[in-house]
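Just dropping this structure here.
Letters A, B, ... mirror the listed sequences (proteins, then strands); counts begin at 1.
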2 protein chains.
Amino acid sequence: METVTESQRVGTAKKLEKMFGHIDYRNPPELCPVRDVMSVASDQWSTLIILWLGYFPVLRFNKLKKYVYGISNKVLSQRLKVLEADGYITRNAYPEVPIRVEYSLTEFGQSYVKKLLELTEWMQENSPKVLANREKYGLL
Amino acid sequence: METVTESQRVGTAKKLEKMFGHIDYRNPPELCPVRDVMSVASDQWSTLIILWLGYFPVLRFNKLKKYVYGISNKVLSQRLKVLEADGYITRNAYPEVPIRVEYSLTEFGQSYVKKLLELTEWMQENSPKVLANREKYGLL
DNA sequence: AAGAGTAAGTTACAAAAAGTAACCAAATGA
DNA sequence: TCATTTGGTTACTTTTTGTAACTTACTCTT
C-alpha cells in the first residue's frame with residue numbers, strides 16, 4: 001500500500017482515491033463502477049450521439065446517422081441500445097409504415113450532456129494547442 | 001441543410017454547431033480537430049493515465065502500470081507516446097541502470113485533468129443511477 | 001566468470017471490436 | 001408487379017487490443 005504525502009499530491013486530485021479504488025493497486029472495472037459506467041458513456045461514438053441528441057431534442061435513426069458522421073448502422077444500433085439501457089436516452093417506435101423510431105435524451109441524459117459540453121468546450125479552445133504540439137513532436 | 005428552431009434547441013447546445021461542423025452532415029475527424037483531439041484524450045486508457053498522473057506528480061512506467069489496473073505494456077507505451085506528442089505529459093529518462101523513466105503532466109495536462117476530474121465526479125455521483133437503470137432494463 | 005535481477009519497453013501471435021455492404025420486413029405508391 | 005421507405009440485422013473483412021515471451025545493458029550474487 002502506497003502512501004502519498006500531502007506535498008506530493010496535486011490539489012483536487014484526492015478524490016481519485018474514492019473514485020478509482022483505494023490506491024491499493026486494485027481498481028478493475030468489476031470493482032469500480034465509475035470506470036465501468038464511464039467507459040460506456042465517454043466512448044467516442046456514444047459521446048457524439050449524446051451531443052447531437054442534446055442539440056436536436058429528438059432524432060430518428062437515419063438522421064442521427066447523418067449527424068454522427070462516419071458511424072455504421074451496426075455500431076449506431078449497438079450504442080443506442082447500451083445508452084438506452086444505461087438510462088441516457090429513450091427510444092420510441094411508432095408502428096407506421098415504414099416504421100418511425102425517435103430517440104431523445106432522458107432528463108438524466110440531459111444532465112450528462114451538460115457536463116459533456118463543458119469538456120467539448122475545453123477541447124474546442126485547446127485543440128489548436130494540441131495540433132501545434134503534434135507538429136512540433138513530429139519534427140523531433 | 002437542416003434548420004433548428006430556437007424552441008427545438010436545447011439551451012447551451014448551440015455551441016455544437018461550431019464544434020462539430022456546421023450542421024451540414026459533414027463533420028468527419030479530418031475536418032474536425034475537436035473530434036480528433038478528443039478521441040485521443042478521452043480514450044479510456046488515456047483518461048486513467050492522466051487521472052493517475054494528476055494524483056501522483058510523477059510516476060514511472062511500472063508504477064503507472066499498477067495504478068492503471070489492467071493496462072498492458074503495449075497499450076501503456078502507445079498511449080504514453082501519443083499523450084506526450086499531444087502535449088499532455090512529459091517523459092524524462094535517466095540513464096541509470098536499470099533505466100529510470102519518469103512521466104508527469106505538463107501544465108497543459110494539468111489544465112486538462114481538472115476538466116476530467118469534473119467529469120469523473122459527475123460519474124461517481126451518478127454511476128449508482130446507471131447501474132440501477134441497467135438492472136431495470138435487464139428485466140424488460 | 002556465469003547466472004540472476006531489474007526497468008522499460010518491443011514483438012509476434014491470438015482475440016475482440018469495428019467497419020462494410022448486402023439483406024430483411026411490411027406496407028405503400030407507381 | 002415491382003420499386004421505395006425506415007430501422008435495423010447478418011456475414012465477412014479489417015483494425016485494434018490483449019497476452020505473454022523476449023530484449024537491452026548493466027549490476028549484484030555466487
Side-chain angles (χ1 to χ4, degrees), chain A residues 2 25 27-30 35-36 38-49 52-53 56 58-86 89-104 137 140, chain B residues 2 25-30 35-36 38-49 52-53 56 58-85 89-104 137 140:
Chain A
E2 198 78 8
Y25 294 359
N27 60 338
E30 315 85 88
R35 220 176 120 169
D36 174 8
M38 201 159 77
S39 74
V40 170
S42 67
D43 158 86
Q44 191 195 167
W45 291 124
S46 300
T47 298
L48 289 170
I49 292 169
W52 281 114
L53 284 173
F56 294 102
V58 44
L59 282 172
R60 298 169 65 175
F61 188 89
N62 284 312
K63 265 295 164 54
L64 202 37
K65 193 185 159 186
K66 283 175 187 161
Y67 288 114
V68 181
Y69 193 92
I71 200 171
S72 65
N73 285 19
K74 193 181 83 175
V75 171
L76 177 54
S77 158
Q78 281 174 353
R79 291 295 183 284
L80 287 171
K81 275 178 196 156
V82 174
L83 290 174
E84 194 194 354
D86 278 13
I89 67 175
T90 53
R91 176 186 188 276
N92 279 82
Y94 302 90
E96 306 169 357
V97 170
I99 191 174
R100 177 164 57 99
V101 180
E102 296 186 338
Y103 292 94
S104 42
Y137 189 86
L140 306 182
Chain B
E2 198 79 9
Y25 293 0
R26 285 175 287 119
N27 59 338
E30 315 84 87
R35 220 176 121 168
D36 175 8
M38 201 157 78
S39 76
V40 170
S42 67
D43 157 88
Q44 189 194 170
W45 293 124
S46 301
T47 298
L48 290 170
I49 291 168
W52 282 114
L53 284 173
F56 295 100
V58 45
L59 281 173
R60 298 170 63 175
F61 189 90
N62 283 314
K63 265 296 164 53
L64 202 38
K65 193 184 159 188
K66 282 175 189 163
Y67 288 115
V68 182
Y69 192 93
I71 200 170
S72 64
N73 285 19
K74 194 181 84 175
V75 172
L76 178 53
S77 157
Q78 281 173 353
R79 291 295 184 284
L80 287 171
K81 276 178 196 155
V82 174
L83 290 175
E84 194 194 354
I89 67 174
T90 54
R91 175 187 189 276
N92 279 82
Y94 302 90
E96 306 169 356
V97 170
I99 191 174
R100 176 163 58 100
V101 179
E102 295 187 339
Y103 292 94
S104 41
Y137 190 87
L140 307 182

Exercise. Are any side-chain N or O atoms of Ser46(A) and backbone N or O atoms of Ala41(A), one a donor and one an acceptor, separated by less than 3.5 Å?
Worked result: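 Judged by distance alone, no pair lies under 3.5 Å.
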For this session: Using side chain to side chain donor-acceptor pair (under 3.5 Å) as the criterion, list what pairs up with Asn92(A), not counting sequence neighbours.
Result: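 With sequence neighbours excluded, Asn92(A) shows a side chain to side chain donor-acceptor pair (under 3.5 Å) to no residue whatsoever.
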Exercise. Is there side-chain contact between Val101(A) and Ile99(A), with heavy atoms separated by less than 4.5 Å?
Worked result: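 Sidechains of Ile99(A) and Val101(A): in contact.
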For this session: Over all heavy atoms of both residues, which pair between Tyr67(B) and Trp52(B) is shortest? Give the atoms and the distance, please.
Result: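 Closest heavy-atom pair between Tyr67(B) and Trp52(B): O-NE1, 3.3 Å.
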Problem set entry | Nearest non-hydrogen partners of Gly70(A) and Trp45(A), listed with the distance |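 In terms of heavy atoms, the two residues are closest at C-CH2, 3.7 Å.
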Problem set entry | Nearest-0.5 Å distance, CD1 of residue Ile71(B) to NZ of residue Lys66(B) |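 That separation rounds to 15.0 Å.
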Exercise. Do the side chain of Ser42(B) and the main chain of Ser39(B) share a donor and acceptor less than 3.5 angstrom apart?
Worked result: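 Not a single qualifying donor-acceptor pair exists.
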Exercise. Is there a side-chain contact between Arg35(B) and Tyr69(A), using heavy atoms and a 4.5 Å cut-off?
Worked result: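 Contact flag for Arg35(B)/Tyr69(A) side chains = yes.
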Exercise. Mind checking what makes salt bridge (charged side-chain N to carboxylate O under 4.0 Å, His left out) contact with Arg100(A), not counting sequence neighbours?
Worked result: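 Testing Arg100(A) for salt bridge (charged side-chain N to carboxylate O under 4.0 Å, His left out), a comparison that skips the adjacent residues, returns Glu96(A), Glu102(A).
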Problem set entry | Nucleic acid footprint by protein, nucleotides 9-18 of chain D - heavy-atom cut-off 4.0 Å, B for base, S for sugar-phosphate alone | BBB-----BB
Exercise. Rounded to the nearest Å, what distance is computed from the CZ atom of residue Arg100(B) to the C1' atom of nucleotide dT27(D)?
Worked result: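 Roughly 16 Å, once rounded to whole Å.
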Problem set entry | Contact interval (first through last nucleotide) of DNA chain C with protein chain B, 4.0 Å heavy-atom |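 Contact span on the strand: dT6(C) to dA12(C).
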For this session: Compute the bend angle of the helix from dA1(C)-dT30(D) to dA30(C)-dT1(D) from the end axes (five pairs per end), rounded to 10°.
Result: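 For the helix from dA1(C)-dT30(D) to dA30(C)-dT1(D), the axes at either end differ by 30°.
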For this session: Any salt bridge (charged side-chain N to carboxylate O under 4.0 Å, His left out) involving residues 73-84 of chain B? Give me the pairs, sequence neighbours left out, ordered by first then second residue.
Result: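 Every pair satisfying salt bridge (charged side-chain N to carboxylate O under 4.0 Å, His left out) with a residue in residues 73-84 of chain B: Asp43(B)-Arg79(B).
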For this session: Output the distance between atom OG (Ser104(A)) and atom CG (Leu53(A)), rounded to the nearest 0.5 Å.
Result: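 Answer rounded to 0.5 Å: 7.0 Å.
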Exercise. Which residues satisfy the side chain to side chain donor-acceptor pair (under 3.5 Å) test with Asn73(B), sequence neighbours excluded?
Worked result: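 Checked Asn73(B) against side chain to side chain donor-acceptor pair (under 3.5 Å); matches are Lys65(B).
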Exercise. Nearest-Å distance, NZ (Lys66(A)) to C1' (dG7(D))?
Worked result: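 Spelled out: NZ on Lys66(A) to C1' on dG7(D) is 13 Å.
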Exercise. Which of residues 89-99 of chain B sit near DNA chain D, with a heavy atom under 4.0 Å from it?
Worked result: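 Only Val97(B) qualify.
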Exercise. Can a side chain N or O of Tyr103(A) be found less than 4.0 Å away from OP1 or OP2 on dG8(D)?
Worked result: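 Yes, Tyr103(A) has a side-chain N/O under 4.0 Å of OP1/OP2 on dG8(D).
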For this session: Mind checking side chain to side chain contact (heavy atoms under 4.5 Å, CB included) for Leu80(B) and listing every partner two or more places apart, or none if nothing turns up?
Result: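 Applying side chain to side chain contact (heavy atoms under 4.5 Å, CB included) to Leu80(B) gives Ile49(B), Phe61(B), Leu64(B), Leu76(B), Ile89(B), Tyr103(B).
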